[in-house]
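Quick note: numbers below take in every heavy atom, side chains included, and nothing from hydrogens, waters or symmetry partners.
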Amino acid sequence: TFSQIYTLFSTIFEHFHREIQHCCRTSGRNALVNRTEAVSCVFALLCLNFRSDRNHAREIGNSERAELVAVADLNREHAQQVAEEHGSSVWSDYREMIASENLDAVVVASPHHLHASIGLDCLQAGLHTFVEKPIANTVSQADRLVEEARARGLKLGVGHNYRTFP
């Protein structure tokens, strides 16, 4: 059921968030910059798709220690709807967003064929990255993402929940 899928997604994302909380304060491009005890991780949500964007935005918004500050999508109207619910800025170009916003982490919820290239851009910008499934279209693309995250000391998470569970 949808509630079971949402619960699994919530668990996966919460695990990723716990993993990066310490890192947001101690590593990455914005370590210890404008941090308060209340907010430890500043997120952006990019390249939305209707189902997952609401879930990701809700999970970030429900966290006491995370803030959703930016939303990017080619469909600016769609991004605006999600951003308004969270007081976030809106971007049409994710590259401009990751260059301009003071971020710790991003959630990539784009069409599958873009996961690897967008994820790599985010990692190379020094951002912890949570990618919806699949991580990439090929094993070599997935390996490249893992290598980049390791080389930069960043967390890379994949939202690979169960669609069906016997």
Side-chain angles (χ1 to χ4, degrees), residues 5-6 9-10 12-14 16-17 20-21 23-24 27-31 33-36 39-63 65-138 140-142 144-149 151-152 154-161:
I5 292 171
Y6 178 73
F9 165 78
S10 180
I12 292 166
F13 186 77
E14 185 59 31
F16 176 74
H17 186 237
I20 68 169
Q21 278 184 354
C23 297
C24 289
S27 66
R29 75 177 191 186
N30 296 316
V33 176
N34 298 323
R35 288 292 174 267
T36 66
V39 176
S40 63
C41 295
V42 179
F43 280 85
L45 178 59
L46 53 97
C47 297
L48 309 170
N49 66 56
F50 185 71
R51 286 190 183 164
S52 67
D53 62 349
R54 300 286 182 190
N55 291 340
H56 288 292
R58 181 173 37 244
E59 286 302 310
I60 295 167
N62 286 343
S63 174
R65 299 186 56 92
E67 181 181 6
L68 179 62
V69 299
V71 179
D73 193 334
L74 291 174
N75 181 341
R76 191 170 179 86
E77 183 178 310
H78 186 217
Q80 186 69 41
Q81 290 173 355
V82 176
E84 283 176 1
E85 295 172 14
H86 299 277
S88 306
S89 62
V90 176
W91 297 82
S92 297
D93 185 330
Y94 79 90
R95 288 179 187 98
E96 290 179 11
M97 180 190 72
I98 62 178
S100 300
E101 292 282 351
N102 186 21
L103 303 170
D104 296 309
V106 295
V107 174
V108 178
S110 66
H112 299 151
H113 69 280
L114 299 173
H115 287 181
S117 61
I118 293 173
L120 192 58
D121 287 343
C122 294
L123 290 166
Q124 289 173 341
L127 300 172
H128 302 287
T129 303
F130 184 88
V131 180
E132 269 297 335
K133 68 179 174 337
I135 186 174
N137 285 342
T138 67
S140 62
Q141 289 174 333
R144 179 71 181 109
L145 287 168
V146 171
E147 290 167 7
E148 190 69 29
R152 294 178 180 270
L154 297 169
K155 297 292 182 181
L156 173 65
V158 181
H160 198 86
N161 61 7

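- Of the possible donor and acceptor atoms, one in the side chain of Gln141 sits under 3.5 Å from a partner among the backbone N and O of Asn137.
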Open item on the list: As a quick check of understanding, evaluate side chain to side chain contact (heavy atoms under 4.5 Å, CB included) for Glu101 and Trp91, giving each step before the final call.
Closed with: CA-CA 10 Å; Glu101 292 282 351; Trp91 297 82; 3.0 Å; yes
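- At least one donor-acceptor pair closer than 3.5 Å links the side chain of Ser88 to the backbone N or O of Leu68.
- Remark: side-chain polar atoms of Ser117 are paired, donor with acceptor, to backbone N or O of Leu114 under 3.5 angstrom.
- Within the 3.5 Å criterion, the main-chain N or O of Asp104 finds no donor-acceptor partner in the side chain of His128.
- Checking side-chain atoms of Asn75 against main-chain N and O of His78 turns up a donor-acceptor pair under 3.5 Å.
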- [ ] Step by step, work out the side chain to side chain contact (heavy atoms under 4.5 Å, CB included) result for Lys133 and His112.
- [x] CA-CA 7 Å; Lys133 68 179 174 337; His112 299 151; 5.6 Å; no
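- Remark: Ser110 OG to Tyr94 OH distance equals 8.5 Å, nearest 0.5 Å.
- In this structure a side-chain-to-backbone donor-acceptor pair under 3.5 Å is missing from His115 to Val131.
- Listed for the Ser89 side chain is no donor-acceptor partner under 3.5 Å among the backbone atoms of Val71.
- Judged by distance alone, with hydrogens and angles left aside, the side-chain atoms of Glu148 form no donor-acceptor pair with the main-chain N or O of Leu145 at under 3.5 Å.
- In this structure, Asp73 CG and Ser92 OG are separated by 8.0 Å, a value rounded to the nearest 0.5 Å.
- Of the candidates Val108, Asp121, Leu154, Thr129 forms a side chain to side chain contact (heavy atoms under 4.5 Å, CB included) with just one, namely Val108.
- The shortest side-chain heavy-atom distance between His86 and Glu67 does not fall under the 4.5 Å cut-off.
- At least one side-chain heavy atom of Val107 sits less than 4.5 Å from a side-chain heavy atom of Phe43.
- With values rounded to the nearest 0.5 angstrom, Ile118 atom CD1 is found 12.5 Å from Glu132 atom CD.
- Summarising the geometry of Cys122 relative to Val106, their closest heavy-atom pair is SG-CG2, 3.4 Å, with the distance given to 0.1 Å.
- Atom CG of Leu156 sits about 11.5 Å away from atom CD of Glu147, to the nearest 0.5 Å.
- One side chain, Gln80 or Glu84, offers a donor N or O that lies under 3.5 Å from an acceptor on the other.
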